[in-house]
Amino acid sequence: MNPASADQSQDLSVTPRLRSVHTITDRFSMANTFLIDDERLIVVDPGSELNVHLLCNYVQRFLHRLPTDIDLIVLTHLHPDHTAGVEALRSVCQAPVAASLAIQHLALEEQQIGKVVPRISHLAGQLLPGPLHHFDLFPPAYTQQIQLIDLWLEDIAGLPSHPDWRVIASPGHTPESLCLYNAFTYELLCGDTVITLSGGAPLLRGGSNRHELEETLRVLRSLRVYYLYPGHGRPILGWHPLSNADVEW
């Protein structure tokens with residue numbers, strides 16, 4: 001199913017709703033945390049504990065709201081530079097953490113194989129500087145990180161209590177990667193599925209399956225997107241921000 005199929009037939013002159021995404025960046029790790037200003041607040045990829053501190057300050061100073069207004073935390077994937085602040089944020093707002101349903105299957109595969117790699121990956125994730133995580137040096141440690149998650153998200157489904165935001169499965173960077181898309185504001189939060197670190201064209205960087213990555217790009221290009229929010233690098237605003245996106249392999 002194409003989540004934007006109904007939207008594609010709309011006239012381009014239709015004015016979208018005001019965008020609702022705010023970007024909070026930890027300048028040391030260069031990982032972006034996103035705050036969706038809905039009736040209740042959604043945090044996407046809490047990042048480091050410093051990100052969480054900046055986020056809570058932003059909510060109070062600029063939105064004039066309380067951190068307890070956050071009712072959902074979403075993880076686009078399980079690399080530690082995007083998940084390290086989960087417990088700190090959850091202690092402030094008590095919100096549940098949501099992530100891709102695919103993680104359940106990936107964790108089960110790890111348990112069945114009995115690999116040592118996940119434990120090494122988890123340790124390396126804590127020690128490596130944040131900007132290195134987008135190079136896919138180590139896979140996520142699913143058997144450890146699965147304990148962070150309270151709610152499981154399926155492809156094309158709406159976020160719990162926030163149905164305007166749709167989950168788009170986007171394997172490539174990691175098997176469990178997902179994006180969030182709002183067809184009313186034309187906003188796409190893409191985690192590390194798309195990055196703009198180089199300052200040039202949007203880049204999709206794959207880990208193990210080029211076909212999956214190219215299919216993910218095809219799906220994302222089928223969406224009407226005016227606002228693109230990557231996990232690393234600056235947001236891109238434009239009529240077709242993914243038209244010149246490239247796949248690096």
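Because the structure is a prediction, the values reported are computed rather than measured.
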| field | Thr174/Leu78 under side-chain contact (heavy atoms from CB on, under 4.5 Å): CA gap, chis, key distance, verdict | value | CA-CA 8 Å; Thr174 63; Leu78 295 189; over 6 Å; no

| Can you find a heavy atom in the side chain of Ile236 that is under 4.5 Å from one in the side chain of Tyr227? | no

| task | Would you confirm whether the ring centroid of Tyr226 sits within less than 6.0 angstrom of the ring centroid of Trp239? | result | yes

| query | Could you give the distance from CG (Leu189) to CD1 (Ile168), rounded to the nearest 0.5 Å? | reply | 11.5 Å

| request: Carefully, step by step, assess Thr143 and Gln111 under the rule side chain to side chain donor-acceptor pair (under 3.5 Å). | output: CA-CA 7 Å; Thr143 51; Gln111 292 171 358; over 6 Å; no

| message | Regarding Gln94 and Thr68, do their side chains bring together a donor and an acceptor under 3.5 Å, going by distance alone? | response | no

| request: Mind telling me whether His79 and His77 have parallel, tilted or perpendicular rings, with 30° and 60° as the class edges? | output: perpendicular

| query | Checking side chain to side chain contact (heavy atoms under 4.5 Å, CB included) against Leu228, which of Cys179, Pro235, Pro202 comes through? | reply | Pro202

| So do Leu72 and Pro160 actually touch side chain to side chain, heavy atoms under 4.5 Å? | yes

| query | Cluster question for you: counting only ILVMFWY and a side-chain heavy-atom cut-off of under 4.5 Å, with indirect links fine, are Leu151 and Ile36 together? | reply | yes

| Just by modelled atom types, is the His173 backbone N or O under 3.5 Å from a matching donor or acceptor in the Ser177 side chain? | no

| message | Tell me if a side-chain donor or acceptor on Asp150 pairs with a main-chain N or O of Val97 at a distance below 3.5 Å. | response | yes

| query | So how far is it from Leu55 CG to Leu35 CG, rounded to the nearest 0.5 Å? | reply | 5.5 Å

| Check against side-chain contact (heavy atoms from CB on, under 4.5 Å), Leu75 and His82 | CA-CA 7 Å; Leu75 305 178; His82 297 270; over 6 Å; no

| task | Determine the minimum heavy-atom distance between Pro230 and Thr196, stating which atoms define it. | result | CG-OG1, 3.6 Å

| task | May I ask you to check whether over 12 heavy atoms, not counting those of Glu49, lie within 6.0 Å of atom CD? | result | no

| query | Is it true that Arg19 and Asp37 make a salt bridge, defined as a side-chain N closer than 4.0 Å to a carboxylate O? | reply | no

| message | Would you say that Val194 contacts Leu203 through its side chain, given a criterion of any heavy-atom pair below 4.5 Å between the two side chains? | response | no

| field | Any Val43 side-chain heavy atom under 4.5 Å of Thr33 side chain | value | yes

| message | Between Thr25 and Asn32, is there a side-chain donor-acceptor contact under 3.5 Å, judged purely by atom types and distance? | response | yes

| Same hydrophobic cluster for Val219 and Leu180, using side-chain heavy-atom links shorter than 4.5 Å among ILVMFWY? | yes

| query | Do Glu187 and Ser20 pass the side-chain contact (heavy atoms from CB on, under 4.5 Å) test, and can you show the C-alpha distance, the side-chain angles, and the key distance before you say yes or no? | reply | CA-CA 8 Å; Glu187 295 172 284; Ser20 58; 3.4 Å; yes

| query | Taking C-beta and beyond as the side chain, do Pro46 and Asn51 meet within less than 4.5 Å on heavy atoms? | reply | no

| field | Donor-acceptor contact below 3.5 Å, side chain Gln60 vs main chain Pro67 | value | no

| How far does CZ of Arg90 sit from CD1 of Ile73, to the nearest 0.5 angstrom? | 6.5 Å

| query | Distance-only, no hydrogens or angles: does the Ser170 side chain make a donor-acceptor pair with backbone N or O of Thr193 under 3.5 Å? | reply | no

| field | Leu41 side, atom CG; His162 side, atom NE2 - distance, nearest 0.5 Å | value | 8.0 Å

| His232 and Asp81: side chain donor to acceptor below 3.5 Å | yes

| query | Taking Arg166 for the side chain and Ala183 for the main chain, is one N or O donor matched with an acceptor at less than 3.5 Å? | reply | no

| Mind checking whether Ile42 and Leu159 have side chains closer than 4.5 Å, heavy atoms only? | yes

| Does the separation of the ring centres of Phe34 and His22 fall below 6.0 angstrom? | no

| field | Distance-only side-chain donor-acceptor flag, Thr76 / Asp45, under 3.5 Å | value | yes

| Does one hydrophobic cluster hold both Leu108 and Leu106, with members joined at side-chain heavy-atom distances below 4.5 Å? | no

| request: For residues Ser100 and Leu153, determine if any side-chain heavy atom of one lies less than 4.5 Å from a side-chain heavy atom of the other. | output: no

| query | When rounded to the nearest 0.5 angstrom, what is the spacing between CD1 in Ile103 and CG in Leu178? | reply | 7.5 Å

| Shared hydrophobic cluster for Val21 and Leu237 (ILVMFWY, side-chain gaps under 4.5 Å) | yes

| Does a side-chain heavy-atom distance below 4.5 Å link Ile156 with Val167? | no

| So, is the end of the Arg224 side chain (NZ or CZ) under 6.0 Å from the ring centre of Tyr186 and within 45° of the ring's axis? | yes

| message | If only side-chain N and O atoms count, and only distance matters, is there a donor-acceptor pair under 3.5 Å linking Tyr142 with Glu176? | response | yes

| Are Leu101 and Ile146 connected in the hydrophobic side-chain network, where two residues link if heavy atoms are under 4.5 Å apart? | yes

| field | Interatomic spacing from CG in Asn182 to CG in Leu188 - rounded to 0.5 Å | value | 10.5 Å

| message | So which atom in His64 and which in Arg61 form the shortest heavy-atom distance, rounded to 0.1 Å? | response | CE1-O, 3.3 Å

